[in-house]
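Working notes, beginning with the structure itself.
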2 protein chains.
Amino acid sequence: MDEDKTTRVTVRNITDLARLAGVSPGTVSRALAGKSLVNTKTREKIEALAREHGFRPNQMASGLRRQKTGVIGVVIPLGHDSRQQISDSFFMTLLGHLADELTREGYDLMLRRVVPEDDADWLDRFIGSGMIDGVIVIGQSDQFDRIEDVADGYGPMVVWGNHTEGQRHCVVGTDNRLGGRLAAERLIAAGATRLAFLGDTTAMEFAARFAGAQDIASRMGLPPIITLPTHLSPDRASEEIAQHLAARASQIDGIFAATDTLAALCLTELRACGIAVPGDMKLAGFDDLPIARQTVPPLTTVRQDIAAGARGLVDLLLRRLAGEKTESLVLPPQLVVRATT
Amino acid sequence: MDEDKTTRVTVRNITDLARLAGVSPGTVSRALAGKSLVNTKTREKIEALAREHGFRPNQMASGLRRQKTGVIGVVIPLGHDSRQQISDSFFMTLLGHLADELTREGYDLMLRRVVPEDDADWLDRFIGSGMIDGVIVIGQSDQFDRIEDVADGYGPMVVWGNHTEGQRHCVVGTDNRLGGRLAAERLIAAGATRLAFLGDTTAMEFAARFAGAQDIASRMGLPPIITLPTHLSPDRASEEIAQHLAARASQIDGIFAATDTLAALCLTELRACGIAVPGDMKLAGFDDLPIARQTVPPLTTVRQDIAAGARGLVDLLLRRLAGEKTESLVLPPQLVVRATT
DNA sequence: ACGCAATTTGCAAACGATTGCAAGATTCTT
DNA sequence: AAGAATCTTGCAATCGTTTGCAAATTGCGT
């Protein structure tokens, strides 16, 4: 009979539960928070009641009072190429690992995609919302300056992207320039002498990859690397690649694609043009996504360690939340030789 | 001189701003919320001050008071196959579209991955946190019953997955069984008579795809379809597929893969075994991910309209938030014939 | 000028959990 | 058994915004 009554009661807040337990709200709060100040028997009673009624303290109220939310914001600026990018495997995989790491540290993840062109205020707005304790920015896109501005006044921010000499925001990323060198070295070692870079060099990461490749080309006394700009979305990119190939294929014998995704598309177009890989054309990608193993022939590429990147991002962010002043983290890329070079 | 003073003041809450504007906090709140009750000149003054100081109302406090947060939870239960799944292109693409749709509707997205085995309480915990206005569950995994339980007491929930006769939770998904029929029909039309299904049939969606294929096999008087269970993570799956092929390849002439990802891996293994596709073996996938166009030969598959799915999920969720009682939405799959059948 | 209606504002009580402080209850000393 | 020391608890303010209600201001017609 008593059971009927208790289960009928709805308990929506800590006060209701306190009434049931015959104690004050403060005690319930302390008990549920696992503080040591509360008597073991009282705690057990409260915990039992909480379990029985499926009670969970309201995170909003808690967040408001404690001035921390337990939520980390993850924002993806869609800068130069609004449409695609998010379904870019690389970012998505990174996001997955981030979710894992943050969960493991007891944080929730609030995801936001923004189009900086439409909303100049995107970063401040997110930070100022009071909803998040810190923010991870995935990709600098073309927003380097804005991120720099914010970094001066706001500590708990870490950015995935390219490290530039003297920058003020804390960044985690692969050494893209080195990666570019590795790719170019391999292409050249495989016999290529007239190289092209496939991808949009206005994106910082890509620019660095290009620059690395150019370093090597210059050092070896080869002609400057041609750039073949493309968008990232597969449908547009395919067309653009086809056009590039039609116009330039005869002038080059090696392609360094900014991304495995682009490399895979390029491979398809090359096949359509009847250009043999690696016979007539060497090809290298970047990222080492799963697809790199499945193209025909399998793709030579530069691997980024995504899991390590995610771990780095979260680790640095937590340190910054604790007040520490952290340096950027630059991860080494690794050449993976398969069959396109 | 006045400017110096005003810019020096930090304004962290609505009360500070009210002081500056010489009005009461209530008025500021109304002005910023765009309510009609406030005088135009006062409003403009307040808006100007807010802009000048970069003030943004605290979402936590607002959420607490209004009892709504403007955040939708998106949860991915990692049931039968913890590791991979999230980097599964399909889910990630869906997530991307969800982010777009929710943003467009003015909602934020809180992402959570859970391992139901470790945390039986995953769904209630999320819902009860007070942080989200509603929840979208991506994939039923093996948690059908738990979702059903919750659905009775909690309205604003929509699930991506398979629709089962008489279920109580609102679901959006492709007609997997029909999709399975389409795939099997095509395989058979291409000349296959002894079919196998590649994938783990304990996942509901996959089970339905298998059942659809079996429908057709039975109707045509063909032998029962063999199941070749695999995990979803590429590394494990590759091995498992190789083993399956070694053991069974001679007994079958058509494979229906639960997923394009699996189909692509399978294609690689088939090539390694020297089995010609579609000559010796027909192959069909499911999803129509970008990779389906890039395999060699390009993959015949069953397309799911991911964007429409995301739109459906968000649309139904919003309707439910408005109190409406909505039916499930079953989307038609579409056969895409390429070169593996 | 005056009264009445229509606009604008301010007041103060919510929303639900946390926490410093002090009071009350136990236990321990001597 | 009294007093000190230690545990437990309750009280009430606080986090920052919203909103019902009432007060104050304005506008309007006569």
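Lettering follows sequence order; numbering is per chain, from 1. Keep in mind it's a predicted model, so treat the numbers as computed, not measured.
More than 12 heavy atoms of other shown residues, nucleotides or ligands fall within 6.0 angstrom of atom CD in B/Glu324.
B/Thr27 places none of its side-chain heavy atoms less than 4.5 Å from the side chain of B/Asn39. Contact annotation: the side chain of B/Phe126 never approaches that of B/Val114 to less than 4.5 Å [non-hydrogen atoms, C-beta and beyond]. In this structure, A/Glu105 and A/Val314 have side chains that are in contact, with non-hydrogen atoms separated by less than 4.5 Å. Using a 4.5 Å cut-off on side-chain heavy atoms (C-beta onward), A/Gln59 and A/Val71 make no contact.
Looking at heavy-atom distances under 4.0 Å, A/Val23 makes contact with sugar-phosphate atoms alone, never a base.
For the atom pair CG of B/Asp152 and CD1 of B/Ile147, the computed distance is 12.5 Å after rounding to the nearest 0.5 Å. Within the model, atoms CD1 of A/Ile306 and CG of A/Leu98 stand 10.5 Å from one another, a figure rounded to the nearest 0.5 Å. A distance of 6.5 Å separates CE of B/Met110 from CD1 of B/Ile132, quoted to the nearest 0.5 Å. Remark: B/Phe91 CZ to B/Arg113 CZ distance equals 11.0 Å, nearest 0.5 Å.
Remark: B/Arg125 pairs with A/Arg56, B/Arg112, B/Asp119, B/Asp121 by the side-chain contact (heavy atoms from CB on, under 4.5 Å) rule, at least two apart or across chains. Listed by chain and number, the residues in a side-chain contact (heavy atoms from CB on, under 4.5 Å) with B/Pro156 are B/Tyr154, B/Leu317, B/Leu321 (sequence neighbours excluded).
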Which pairs, protein N/O on one side and nucleotides 12-17 of chain C N/O on the other, fall under 3.5 Å?
unit_1: C/dA14; atom_1: N3; unit_2: B/Arg65; atom_2: NH1; d: 3.1
unit_1: C/dC15; atom_1: O2; unit_2: B/Arg65; atom_2: N; d: 3.4
unit_1: C/dG16; atom_1: OP1; unit_2: B/Gln67; atom_2: NE2; d: 3.1
unit_1: C/dG16; atom_1: N2; unit_2: A/Ala61; atom_2: O; d: 3.3
unit_1: C/dA17; atom_1: OP1; unit_2: A/Asn58; atom_2: N; d: 3.1
unit_1: C/dA17; atom_1: OP2; unit_2: A/Ile14; atom_2: N; d: 2.3

At a cut-off of 3.5 Å, list every protein nitrogen or oxygen paired with a nitrogen or oxygen from nucleotides 21-28 of chain C, distance to 0.1 Å.
none

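Rounded to 10°, the helix from C/dA1-D/dT30 to C/dT30-D/dA1 has 40° between the axis fitted to its first five pairs and the one fitted to its last five.
Rounded to whole Å, the distance from NZ on A/Lys68 to C1' on C/dT19 is 14 Å.
First and last contacts of DNA chain D with chain B, using any nucleotide atom under 4.0 Å from a protein heavy atom and ordered 5' to 3', fall at D/dG16 to D/dG20.
Using a 4.0 Å cut-off between a side-chain N of Lys or Arg and a carboxylate O of Asp or Glu, A/Arg19 and A/Asp16 qualify as a salt bridge. By the 4.0 Å N-to-carboxylate-O rule, B/Asp100 lies too far from B/Arg104 to be salt-bridged with it.
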